[in-house]
Amino acid sequence: MKPPAISPAFHDVSRQSQAVFRAIMQAMAQPGRTGLLDTGFETPAPLAPGAAAILLTLADFETPLWLDATLSASPATTDYLRFHTGASLVSDPQSAAFALIADAERAPPLTAFSQGTPDYPDRSTTLVFQVGSLDGQDWRLAGPGIKGETVFGVSPLPAGFMQQLQENNACAPLGVDVLFASQTRIAAIPRSTRIMEAR
Amino acid sequence: MYVAVKGGEAAIEAAHKLLAKERRGDASVLELTTDQIREQLSLAVNRVMSEGSLYDPDLAALAIKQARGDLIEAIFLARAYRTTLPRFGYSEPANTSAMAIRRRISATYKDLPGGQVLGPTFDYTHRLLDPSLAGEGNFPAVEKTETGDAEVSPHVAALLNNEGLIEENLPQNPDADVSDLTRGALEFPADRDLRLQALARGDEGFLLALGYSTQLGFGRTHPFAGEIRMGEVEVSFVPEELGFEVPLGEVTLTECEMVTQFAGSADAAPQFTRGYGLVFGHSERKAMAMALVDRSLRTAEFGEDVVAPAQDAEFVLSHADNIQATGFVEHLKLPHYVDFQAELVLLRQLRAEWEAERGKTDGASPKEAAE
Amino acid sequence: MSSAPVYNFAYLDEQTKRMIRRAILKAIAVPGYQVPFASREMPMPYGWGTGGVQLTASILGAGDVLKVIDQGADDTTNAVSIRKFFEKTAGVETTSLTGDATIIQTRHRIPEEPLTADQILVYQVPIPEPLRFLEPRETETRQMHALQDYGLMHVKLYEDISRHGHIATTYAYPVKVEARYVMDPSPIPKFDNPKMDMCSALQLFGAGREQRIYALPPYTQVTSLDFEDHPFERTKFEKPCGLCGATGVYLDEIVTDDQGGRLFVCSDTDYCEGRRGHETDGGVL
């Protein structure tokens, strides 16, 4: 049987990955603020273009990648990511540099992933959540990158996710950083961000 | 009237022109070709290849010409080019036992399988300037000697190993990927593979001085030159898609194994230990110095105390790279007006305070530091 | 002989950019922490801005406008050289106007004009470890940061006070970031330190030879180390700029003759020219 063709990704790698990186960097530098992703390409379901753009930009043979059950059950997705990034897919979340989660509501706890070490807090997993909306107003965020406070919310997410983010922040400088990608937009909550219930 | 300094761009361009003119020297003298450099300054080419970590005699010769013979500058050119090359993967380990030997000596055995091969060496030349070389040099015809291309030349260390007199030379972590400091930041503690890579790229002069220091008592290891061999070795590579070894070509390598003493411990019987050096080209001084320093850096491994600079991996590895060293030393040429101004302001303030303080005490006994 | 080399946009290959970009993201997520990265050999010497150049090359896009300064000036030789490098390898627009730049690469100064949220300031860093002069070993200083053990630094600063009556550090004056990491601000004069605190722009720091990247996101708390009874003091100049008359700015001292003649002028040349209406190219007094 002939394997199905893998759909193309960036047509101009240098330019597009730079644009996507700037969106990721701005998102990380200004937690809770959304930015646009360059997603002029198709991805095999259930992989969404927004999340794919992030991995195409950041992942390669040096970064083990963990996929949730939904994504790893899709050979089209795993072939696509393997082919375009060269990243090795790992089943142990602790050994992942990046983790991609399509079924946000059933995401494993943040503590399942590598938290870094006191000597090297940078050696932690960066999580990418594929989500529907970045326009919620459930949380107030504060900390580096935020002037005063900002209001932010994501859906869908697992129950008690705010508490997980709070605990993640309490462990900083250890902990994970979380990127949220909708179809075409991105926002981030790094470990340095303090999260409170919106008033 | 003061005119703010401008014209950095014009100055740089003019400097480049002057440099090109100086490089050429007197135009009535024939220009050097890179072929001439490659063939007649081959030891300089070898050094540039080994410390530049790029086995390409033609590019090394070009770099030497462009650098006006400044070898560190030439090494820099080679490195800056090398870093832009795509990485296909790592070669299979080179088998130096299968070297086509051009030189091979041992200071530990008078004769041994494969024999001693003196080869092209300065060792027993009398260092008398040879006026005949000032003109067209004559060179003697070389007859091919009997000694065997076919003969096997086992490593001296392997001979000792048969008796268990020398440590086995096993990799620290056989399953781990080999470290590569061109692809990852240098980290401590550094395993031996990483240390050897850093030493192979390290500055010959720096390693020579460190190796020398171990001979004079700063971390003495009682070394014997077990073996030095130089010749051609095949390099092969396993492409992922083929799954079998493909030969890429031959490189000239110089390898040195130092045999040193180890008194033993509660867990280990007394035996000889090894220091290892391997460099591109014919670079014997470098290979020997590297082997001495390699053994010194294994101090902790043998439960010995780190008491000398050559035993201190952090000190040695942080300072061995001549491209890093020359960059940072020479960066002092860059303007530092701003920091210097900050120091001037402080110094004037401190002096004013000191004068005021002295005035108060009316020149009596020198005042202690201000409160 | 190998064929003439062809270089990628902004010189670095895509794999190298990805590696640096990942380090930048970690640096932003842990403000003030020095992230190790596999610094590449660049076609300029270590110690001459290779860290800053690698950062700029990794973030730069075709739409960016780049400004490069050294000691506050756009026309110092190394600034010229780095600017030319990016003009050549990335073809980006360059400027000397602080307000027009989207990326500013700097050595030893922060511009006088306040930066905006749309700008990124990239610092060239020679020695990123603020504790290095007190403890030469990386293994030790890494532990100190992990344990937040900064006693050694406080002892050093206090020794200054007991000897000189005040802290005798005038540049590369250490700061504490978000009450966690002690950070080297690079050898900017301490005059510039307060500009880092709650700055609107993203600040990235690159040390090429030392293989470290660190960052300050916008609106990050940056405090210069001091003591209650000896608070941090900004360097003050007694006279205004001899060219534009600005006060409260950092000045260069120009030796005008061998009779002790001195002229104090703005170190930030764009700021000075802006105040003088950019009317002259040379700045004549």
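In what follows, chains carry the letters A, B, and so on, assigned in the order in which the sequence lines appear, proteins first and then strands, with residues in each chain numbered from 1.
Proximity to chain C is limited to the side chain of A/Asp177, based on heavy atoms less than 4.5 angstrom apart. Proximity to chain C is limited to the side chain of A/Gln30, based on heavy atoms less than 4.5 angstrom apart. Contacts of A/Tyr120 with chain C are made by both backbone and side-chain atoms, with heavy-atom separations under 4.5 Å. Heavy-atom distances place both the backbone and the side chain of C/Arg21 under 4.5 Å from chain A. Only the side chain of C/Ile24 comes within contact range of chain A, judged by heavy atoms closer than 4.5 Å. At a 4.5 Å heavy-atom cutoff, the contact between A/Ala59 and chain C is made by backbone atoms alone. Contacts between A/Ser124 and chain C at a heavy-atom distance below 4.5 Å involve backbone atoms as well as side-chain atoms. Residue A/Ile146 touches chain C through its backbone alone, counting heavy-atom pairs closer than 4.5 Å.
Ranking A/Glu62, A/Gln26, A/Arg22, A/Arg15 against chain C, the residue ahead of the rest is A/Arg22, based on heavy-atom pairs under 4.5 Å. Taking A/Gly148, A/Ser192, A/Pro173, A/Pro31 one by one and counting their heavy-atom pairs under 4.5 Å with chain C, the maximum is reached by A/Pro173. Put simply, of A/Ala172, A/Gly116, A/Gly175, A/Pro121, the one with the most heavy-atom pairs under 4.5 Å next to chain C is A/Pro121.
Among A/Leu37, A/Leu56, A/Thr39, A/Asp38, the one residue that satisfies the side chain to side chain contact (heavy atoms under 4.5 Å, CB included) test with A/Pro49 is A/Thr39.
More than 12 heavy atoms of other residues, nucleotides or ligands shown are found within 6.0 angstrom of CZ on A/Phe61. At most 12 heavy atoms of other shown residues, nucleotides or ligands fall within 6.0 angstrom of atom CD in A/Glu42.
With hydrogens and angles left out, the side-chain atoms of C/Glu178 and C/Thr220 include no donor and acceptor closer than 3.5 Å. Side-chain contact check for C/Lys84 and C/Thr94: no donor-acceptor pair (N or O, by modelled atom type) lies under 3.5 Å.
Ring centroid separation for the pair C/Tyr150 and C/His154 does not come in under the 6.0 Å cut-off. Taking the six-membered ring for Trp and the full ring otherwise, the centers of C/Tyr123 and C/His108 sit at least 6.0 Å from each other.
Looking at C/Leu12 and C/Met42, their side chains come closer than 4.5 Å, going by heavy atoms from C-beta outward.
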